[in-house]
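Here is the structure we will look at.
Quantities reported herein were computed from a predicted structural model and do not represent experimental measurements. Each chain gets a letter, A, B and so on, in the order the sequences are listed, and its residues count up from 1.
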There are 2 protein chains.
Amino acid sequence: MIFDDIDKKLLHLLQQDSKQTNKELSLKLNLSVTAVYERIKKLEREGVINKYVALIKKEKIDKSFIAFCHIKLIQHTQEYVVKFEKDVANLEEVVECFHISGDYDYLLKVIVSDMEAFREFMVNKLTSINHIGSTHSMFVINEVKHTTAIRV
Amino acid sequence: MIFDDIDKKLLHLLQQDSKQTNKELSLKLNLSVTAVYERIKKLEREGVINKYVALIKKEKIDKSFIAFCHIKLIQHTQEYVVKFEKDVANLEEVVECFHISGDYDYLLKVIVSDMEAFREFMVNKLTSINHIGSTHSMFVINEVKHTTAIRV
DNA sequence: GGTGAAATTGACAAGAC
DNA sequence: GTCTTGTCAATTTCACC
């Protein structure tokens with residue numbers, strides 16, 4: 001799919017605030033309400049817009065502790081890898097998991113309430129997954145930037 | 001603020017799909033439409049729900065290349081740190097930036113179209129920010145998990 | 001805390017330019 | 001591909017339990 005400037009601006013606006021009415025969007029884009037409506041439906045149909053979600057302020061639900069965990073597997077057989085990825089994806093504390101290049105195999109982003117909860121997560125959940133060789137954790141001191149919006 | 005089971009379930013549902021109507025939510029929660037409405041408004045007022053956004057499928061806009069960059073600063077004076085954080089936050093390719101513990105000072109998540117775009121980003125944007133000592137980049141081979149939803 | 005009905009406003013479909 | 005009109009369904013308010 002090819003995007004014109006209006007599509008790009010529309011995607012930008014919807015990534016900032018998806019609760020804007022089509023009328024508000026039409027004013028910002030100098031378009032009619034129907035035109036906005038049609039463009040959005042097209043973007044949804046094509047799968048460009050994946051879904052609409054509510055974003056929660058972590059601090060308000062006592063989930064202010066962020067850690068990144070590097071993980072190295074013992075072995076890299078197909079079976080081990082598939083099992084590990086499935087198990088990790090099922091852990092609710094893990095919000096992101098990437099297979100990466102470099103010294104370690106995986107990088108996980110973990111969100112919990114505090115260091116004690118993180119310790120429990122490591123001992124009871126993460127390291128109870130088999131095939132994990134070594135881990136290395138880094139703790140977030142300060143979240144400088146975090147956005148879900150990607151420039152089109 | 002204290003959450004009962006209905007609040008938790010409501011937050012869970014809205015983090016999955018914020019475009020559900022209050023009627024749909026009322027059926028899932030065994031509540032009246034107005035009760036759902038009031039609970040959502042309260043969560044918005046209290047700042048628990050931060051905002052509503054559209055999520056875009058990276059692949060559809062040719063932004064499939066993810067990299068993590070470790071960065072160490074030359075110096076750590078107040079002035080240098082503030083300037084660096086401000087400059088990095090303004091880079092559109094940087095979607096996340098954390099001040100972290102460990103060998104490096106910062107961890108950046110960068111999203112671009114391909115390795116060539118990443119190279120350009122490093123040469124023209126990131127390393128043109130002053131005070132950067134050393135960097136170490138890891139490339140994402142596969143995105144195993146990525147969610148914006150946090151368990152309440 | 002919750003409901004149900006009325007008023008307002010936006011979403012959506014059909015047809016014309 | 002965009003605009004206008006008209007209908008329907010949603011959100012929002014209010015009186016009440």
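The pair B:Lys125-B:Glu93 counts as a salt bridge, with a side-chain nitrogen and a carboxylate oxygen less than 4.0 angstrom apart. The pair B:Asp4-B:Lys9 does not meet the salt-bridge criterion, since no charged nitrogen lies less than 4.0 angstrom from a carboxylate oxygen. Between A:Lys109 and B:Glu96 a salt bridge is recorded (basic side-chain N to carboxylate O distance below 4.0 Å). Taking the charged nitrogens against the carboxylate oxygens, A:Glu38 and A:Lys41 have no contact shorter than 4.0 Å, which rules out a salt bridge. Ion pair A:Asp17/B:Lys51 not flagged as a salt bridge, since none of the NZ, NE, NH1 or NH2 atoms sits closer than 4.0 Å to an Asp/Glu carboxylate oxygen.
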Contact state string [nucleotides 11-17 of chain C, B base, S sugar-phosphate only, - no protein heavy atom under 4.0 Å]: SSS----
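The aromatic rings of A:Phe118 and A:Phe139 sit perpendicular to each other, their planes meeting at more than 60°, with 30° as the lower class boundary.
Between B:Arg39 and C:dG1 there is no side-chain N or O to OP1 or OP2 distance below 4.0 Å.
For B:Leu29 and C:dG1, the CG to C1' distance is 15 Å, given to the nearest whole Å.
Bounding nucleotides for the chain B contact on DNA chain D, 5' to 3', at a heavy-atom distance below 4.0 Å, are D:dA10 to D:dC14.
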Validation: residues 83-91 of chain A side-chain donor-acceptor distances under 3.5 Å, sequence neighbours left out:
unit_1: A:Lys83; atom_1: NZ; unit_2: A:Asp87; atom_2: OD2; d: 2.8
unit_1: A:Glu85; atom_1: OE2; unit_2: A:Tyr106; atom_2: OH; d: 2.6
unit_1: A:Asn90; atom_1: ND2; unit_2: A:Lys86; atom_2: O; d: 3.3

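A:Phe3 does not carry A:Lys8 over the face of its six-membered ring by the limits of under 6.0 Å from the centre and within 45° of the normal.
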